[in-house]
Amino acid sequence: MATGTEPPATEPEHRGGVRSGTRAAISAPHLRTDRWWLAPAATAAGLLAFVVYSTWRAFADADYYAAPYVSPFYSPCLAENCEPMRGGPNWELFGGWWGISPAIIILIFPLGFRLTCYYYRKAYYRSFWASPPACAVAEPHAKYTGESRFPLILQNVHRYFFYAALLVACVLSWDTVLAFRDEDYAWGHMGLGTLVFLVNIVLIWAYTLSCHSCRHIVGGKLKHFSKHPVRYRMWQWVSRLNARHMQLAWASLISVAVADLYVYLVASGVFDDPRFF
């Protein structure tokens with residue numbers, strides 16, 4: 001007896017992907033009636049805006065330090081051509097041969113962490129590659145190989161970028177401590193930039209610790225949580241953060257751009273840093 005799933009004889013058979021001959025014979029690409037395309041379109045616009053802005057600032061090699069603030073895009077500074085920062089992260093590991101912007105050296109680590117992040121994979125797979133563009137919407141690709149081949153197999157290095165992201169977060173934490181100085185490096189002062197840096201570092205740590213790799217490191221490979229009460233408590237805390245991983249990913253992405261923009265505006269003389277005390 002016919003089940004109604006066989007494709008009509010007059011309809012060309014689709015081979016491969018989600019429209020293979022083994023799938024239900026639904027001629028429409030999807031049956032959704034809502035504006036499903038808004039989410040991937042907004043995601044693409046947001047990610048593209050950040051890519052354009054961060055690329056400009058990374059290659060600008062200027063206006064990234066206004067005492068006591070250093071842009072998170074340039075911290076730590078690992079080349080000799082960095083602007084001297086008193087008490088700041090001037091680590092001249094690359095010597096004088098590095099001729100372009102020092103931000104290119106350090107940005108590869110937070111960039112690699114975010115590119116391989118589980119949430120960001122979903123975000124740019126859907127928004128830029130339409131793989132798939134949304135739930136219950138067929139992707140246009142003829143086949144799907146997942147992340148088992150080059151270059152997407154490199155996504156498996158995410159756990160190692162997590163360790164690098166921890167080091168970067170520690171450096172940015174020190175930058176935030178240094179932000180409690182004035183322009184003459186005297187301690188015990190707080191400006192609007194200090195508040196910007198405080199919000200940014202809280203969001204950076206929250207996003208980093210909400211990572212799936214962090215959750216696995218804290219509570220993975222345990223057969224009995226009852227025998228590891230400390231790790232179990234930590235796993236519960238990280239799991240609560242992990243439930244907000246998407247929101248923290250966007251919030252920290254915006255905050256790090258705002259922190260850089262603030263330093264740029266102060267360093268370029270657009271306005272002076274307002275002081276609270």
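Residue numbers count from 1 along this sequence.
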Check whether R126 reaches the backbone of P40 with its side chain - one donor and one acceptor, N or O, closer than 3.5 Å. no
Taking the six-membered ring for Trp, are the ring centroids of F271 and Y262 within less than 6.0 Å of each other? yes
Distance-only donor-acceptor check, side chains D63 and S268, under 3.5 Å: no
Within one Ile-Leu-Val-Met-Phe-Trp-Tyr cluster: W36 and W129, side-chain cutoff 4.5 Å: no
More than 12 non-hydrogen atoms from neighbouring residues, nucleotides or ligands closer than 6.0 Å to CZ on R159, yes or no? no
More than 12 heavy atoms of other residues, nucleotides or ligands under 6.0 Å from OH of Y264: yes or no? no
Compare all side-chain heavy atoms of L172 with those of S75 and state whether any distance is below 4.5 angstrom. yes
Of all residues at least two apart in sequence or in a different chain, which pass the side-chain hydrogen bond (donor to acceptor under 3.5 Å, both in side chains) check with Y125? E147, Q155
Indicate yes or no: at least one non-hydrogen side-chain atom of R32 is less than 4.5 angstrom from one of V137. yes
Counting C-beta onward and ignoring hydrogens, is there a side-chain heavy-atom pair between P76 and I106 closer than 4.5 Å? yes
Near-ring test Y207/H245, centroid separation under 6.0 angstrom: yes
How far apart are the C-alpha atoms of D182 and M190, what are their side-chain angles, what is the distance that settles it, and do they pass the side chain to side chain contact (heavy atoms under 4.5 Å, CB included) test? CA-CA 7 Å; D182 62 12; M190 180 177 181; over 6 Å; no
Quick check against the 3.5 Å criterion: does R181 have a side-chain atom that pairs as donor or acceptor with the backbone of L178? yes
S252 to N200 - nearest heavy-atom pair and separation: O-OD1, 4.3 Å
Taking every heavy atom of V218 against every heavy atom of M234, the minimum-distance pair comes out as CG1-CB, 3.4 Å
Tell me if a side-chain donor or acceptor on S101 pairs with a main-chain N or O of A58 at a distance below 3.5 Å. yes
Are F128 and L38 in one and the same hydrophobic cluster, where Ile, Leu, Val, Met, Phe, Trp and Tyr link if side-chain heavy atoms are under 4.5 Å apart? no
Are L248 and L241 side-chain neighbours, meaning at least one heavy-atom pair lies under 4.5 Å? yes
Short side-chain donor-acceptor distance under 3.5 Å, S239 and R215: yes
Are the side chain of D273 and the backbone of G193 linked by a donor-acceptor contact shorter than 3.5 Å? yes
Should F197 and V263 be marked as a side chain to side chain contact (heavy atoms under 4.5 Å, CB included) after you check the CA-CA gap, both sets of side-chain angles, and the distance that decides it? CA-CA 10 Å; F197 273 51; V263 175; 3.8 Å; yes
Is there a side-chain contact between Y124 and L115 in this structure, where contact means two heavy atoms from C-beta onward sitting under 4.5 Å apart? yes
Heavy-atom closest pair (S148 atom, I153 atom, distance to 0.1 Å) is O-CD1, 3.8 Å
Side-chain donor-acceptor pair present, W205, S173, cut-off under 3.5 Å: yes
What are the two closest non-hydrogen atoms of S131 and E139, and how far apart are they? OG-OE1, 3.5 Å
Quick check: are there more than 12 heavy atoms from other residues, nucleotides or ligands sitting under 6.0 Å from OH of Y160? no
Establish whether F162 and L154 are linked, either directly or via other cluster members, by ILVMFWY side-chain heavy-atom contacts under 4.5 Å. no
Using a 3.5 Å distance criterion without hydrogens, assess whether the side chain of D260 forms a donor-acceptor pair with backbone atoms of P72. no
Does W187 have its ring centroid less than 6.0 Å away from the ring centroid of F180? no
For I108, does the CD1 atom sit with more than 12 other heavy atoms under 6.0 Å from it, leaving out its own atoms? no
Given 3.5 Å as the limit, does a donor-acceptor pair link the side chain of T194 with the main chain of A179, or not? yes
Sub-3.5 Å donor-acceptor pair from the side chain of T208 to the main-chain atoms of I204, do we have one? yes
Inspect the surroundings of CG in N156 and state if more than 12 heavy atoms from other residues, nucleotides or ligands are less than 6.0 Å away. yes
Under 2.5 Å between the SG atoms: is that true for C82 and C77? yes
Between Y163 and I217, is a side chain to side chain contact (heavy atoms under 4.5 Å, CB included) present by the stated rule, with each step listed? CA-CA 11 Å; Y163 300 130; I217 291 170; 3.6 Å; yes
Parallel, tilted or perpendicular: rings of H158 and F113 (30°, 60°): parallel
Would you please test F109 and L167 for side chain to side chain contact (heavy atoms under 4.5 Å, CB included) and show each step? CA-CA 10 Å; F109 299 108; L167 295 176; over 6 Å; no
Using atom types as modelled and distance alone, determine if a side-chain donor or acceptor of R114 lies under 3.5 Å from a backbone N or O of A249. yes
Counting only heavy atoms not in R275, do more than 12 sit closer than 6.0 Å to its CZ atom? yes
Look at the side-chain heavy atoms of Ile, Leu, Val, Met, Phe, Trp and Tyr, link any pair under 4.5 Å apart, and say whether F73 and V51 land in one connected group. no
Between D184 and A186 (side chain of the first, backbone of the second, donor and acceptor by atom type, cut-off under 3.5 Å), is there such a pair? no
Side chain proximity check, W250 to L47, heavy atoms < 4.5 angstrom: yes
Test of understanding: with ring pair (Phe, Tyr, Trp, His ring centres under 6.0 Å), list the residues that count as partners of Y64, not counting sequence neighbours. Y74
Aromatic ring proximity W97/F94, centre distance under 6.0 Å: yes
For a 4.5 angstrom cut-off between non-hydrogen side-chain atoms, does Y120 reach L253? yes
What do you reckon, is OH of Y118 surrounded by more than 12 foreign heavy atoms closer than 6.0 Å? no
